[in-house]
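Worksheet: the structure to be examined is printed underneath.
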Protein chains: 2
Amino acid sequence: MGVDVDPARRSIGARRNPDSADAILEAAEAVLVEAGYAGFSIEAVARRARAGKPTIYRWWPSKAALLLEVYQRQKRVDVPDTGRLEEDLVGFLKNLFAHWRETSSGSVFRSLIAEAQSDDAASAALAGYALGRRSHTGQIIERAKARGEIGVDIDSALVADLIASFAWKHLLTNQLDEDEATIRKTVSYVMRGIAAPGK
Amino acid sequence: MGVDVDPARRSIGARRNPDSADAILEAAEAVLVEAGYAGFSIEAVARRARAGKPTIYRWWPSKAALLLEVYQRQKRVDVPDTGRLEEDLVGFLKNLFAHWRETSSGSVFRSLIAEAQSDDAASAALAGYALGRRSHTGQIIERAKARGEIGVDIDSALVADLIASFAWKHLLTNQLDEDEATIRKTVSYVMRGIAAPGK
DNA sequence: GCGATTAAACGAAACGGCCCGTTTTCAAGC
DNA sequence: GCTTGAAAACGGGCCGTTTCGTTTAATCGC
């Protein structure tokens, strides 16, 4: 008569069926792409995964938790390493926009931002990923520092935040089809801020 | 005994009761602030406004339409005009963050961004408001051009887009409490891109 | 002018439907 | 036998719509 997992064991001895979990996560991703965040319901995911709702609720306590795990499964975008900061940044943004456009990552990330507006867990996760040197852009800038291309006094977090902001806004306003020239000009502006002597 | 409006005449002879419309718009704003976008339902707005749902549906065909009108009723943020570009930009961002923090505008704008992810009308509106010289930041930059502070070849739209992106991301990640130093440093970076000679 | 007429918007209530999150039941497998 | 999970049913909320009387306010005849 096993109905539910003992809540106390949920995080200890319980292990979920990998096949089933995979099917659910894949279904969640598919629903997100096809119906968008507005159509992302546990019911829809369960239907698509041919799973029962209790199965989903057993392993993911909230919509945000499921969304977060879908996000973490996403393939990462390629981070170029050309040896030149500007090329790395332009290349990264090009890759990122293409990645968001051509895979499900764009839908997933947009939904995560949306969910973060009302769910604390998603909000915290989003804040964590955006933190300075842990971000892809932050790493690119740190590398440039390491090889002496820019001064070590540059505030990587600030520059990374600016570039991430640019990417976010273009994702949220459906402007991922920016041509390379726009990306390049934008990066160039930010770069000049790095290269120019402080006022 | 007239019962309802003929749809064909809806846009001709129809008039809506200003008092009722006001009450609905105010209720919508209040619901948005108190329950957030997730709790923003037509039903909740009607309850709060002591209005019938049909009344709302009669005048606003969608949630997005209602949200847009609430947004348009918002007080505008003060745009400083000190005669110095950098001061204007820093002052504007400070005002904007405070405005978003301390009034309902932050909630309203966040909801508008969220709605734009699934509604074309909201999306188009958002894209329209963000367009270069029509934006507040665009105006500040154009003024600086007009008084010769910066070159006329500066791409106002690009710089305005960067600054708007920064503001958006900080709104969406609940980072509106940035101290003035962070804002000033960010503006300073962008400003250097303007002041420095092109590569 | 002014009261009667009539059109229109109004609040309230109820509808069928969908999805929520939860609980119960029951079949299958390690 | 014990765990797992699929299926079904639950109470509840909101959806968008329709149908009621009722109230407000322009229009028109006198």
Side-chain angles (χ1 to χ4, degrees), chain A residues 1-28 31-32 34-67 111 114-115 118-119 121, chain B residues 1-28 31-32 34-67 111 114-115 118-119 121:
Chain A
M1 147 215 349
V3 172
D4 213 309
V5 127
D6 178 355
R9 296 186 57 191
R10 192 175 279 185
S11 50
I12 304 177
R15 26 155 214 227
R16 60 191 182 201
N17 180 336
D19 291 346
S20 174
D22 257 24
I24 290 169
L25 289 167
E26 279 173 24
V31 168
L32 225 38
E34 291 171 14
Y37 177 65
F40 181 67
S41 70
I42 300 289
E43 188 124 4
V45 173
R47 248 199 318 269
R48 171 129 197 163
R50 299 178 166 281
K53 285 197 289 177
T55 305
I56 300 184
Y57 280 112
R58 171 146 32 220
W59 299 119
W60 294 276
S62 70
K63 214 155 87 164
L66 179 56
L67 202 52
S111 304
E115 185 73 12
S118 60
D119 185 283
Chain B
M1 192 211 300
V3 173
D4 215 357
V5 106
D6 175 354
R9 298 187 56 190
R10 192 175 279 185
S11 51
I12 303 178
R15 67 222 138 100
R16 67 183 177 202
N17 181 336
D19 291 346
S20 174
D22 257 24
I24 289 169
L25 289 168
E26 279 174 24
V31 168
L32 225 40
E34 291 171 14
Y37 177 64
F40 181 66
S41 70
I42 299 288
E43 191 125 2
V45 173
R47 247 197 322 266
R48 170 130 197 161
R50 298 175 169 283
K53 283 198 290 177
T55 305
I56 299 183
Y57 280 112
R58 171 150 33 225
W59 299 119
W60 295 277
S62 69
K63 215 155 89 164
L66 179 55
L67 205 49
S111 304
E115 185 73 11
S118 61
D119 185 283

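In what follows, chains are A, B, ... by sequence order, proteins preceding strands, each numbered from 1. Just so we're clear, the structure is a prediction, and the values are computed from it rather than from any experiment.
Contact record, B:A44 with B:V31: O-CG2, 4.1 Å, taken as the closest heavy-atom pair. Looking at every heavy atom in both residues, B:R48 comes nearest to B:A27 through CG-CB, 3.5 Å.
At C:dG11, none of the side-chain N or O atoms of B:R50 fall inside 4.0 Å of OP1 or OP2 (strictly under the cut-off). OP1 or OP2 of C:dC10 lies within a sub-4.0 Å distance of a side-chain N or O belonging to B:W59. A close approach under 4.0 Å does not occur between any side-chain nitrogen or oxygen of B:T55 and OP1 or OP2 of C:dA9.
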Using atom types as modelled, flag every donor-acceptor pair under 3.5 Å from a side chain in residues 49-56 of chain A to any protein atom, sequence neighbours excluded.
unit_1, atom_1, unit_2, atom_2, d
A:K53, NZ, A:E43, OE1, 3.3

N/O contacts under 3.5 Å, protein versus nucleotides 10-17 of chain D?
unit_1, atom_1, unit_2, atom_2, d
D:dC15, OP1, B:I42, N, 2.9
D:dC15, OP2, B:I42, N, 3.3
D:dC15, OP2, B:E43, N, 2.7
D:dG16, OP2, B:Y57, OH, 2.1
D:dG16, O5', B:Y57, OH, 3.3
D:dG16, N7, B:K53, NZ, 3.2
D:dG16, O6, B:K53, NZ, 2.8

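Between B:I24 atom CD1 and B:W59 atom CH2 the span is 10.0 Å, to the nearest 0.5 Å. Distance NZ/A:K63 to CZ/A:F40: 7.0 Å, rounded to 0.5 Å.
In this structure, A:A51 reaches the sugar-phosphate backbone alone: every heavy-atom distance under 4.0 Å involves primed, P, OP1 or OP2 atoms, never a base.
Atom CZ of B:R58 and atom P of C:dA12 are 14 Å apart (whole Å). C:dA12 atom P lies 12 Å from atom CD1 of B:I56, rounded to whole Å.
A:E26 meets the side-chain hydrogen bond (donor to acceptor under 3.5 Å, both in side chains) test with no other residue; sequence neighbours excluded.
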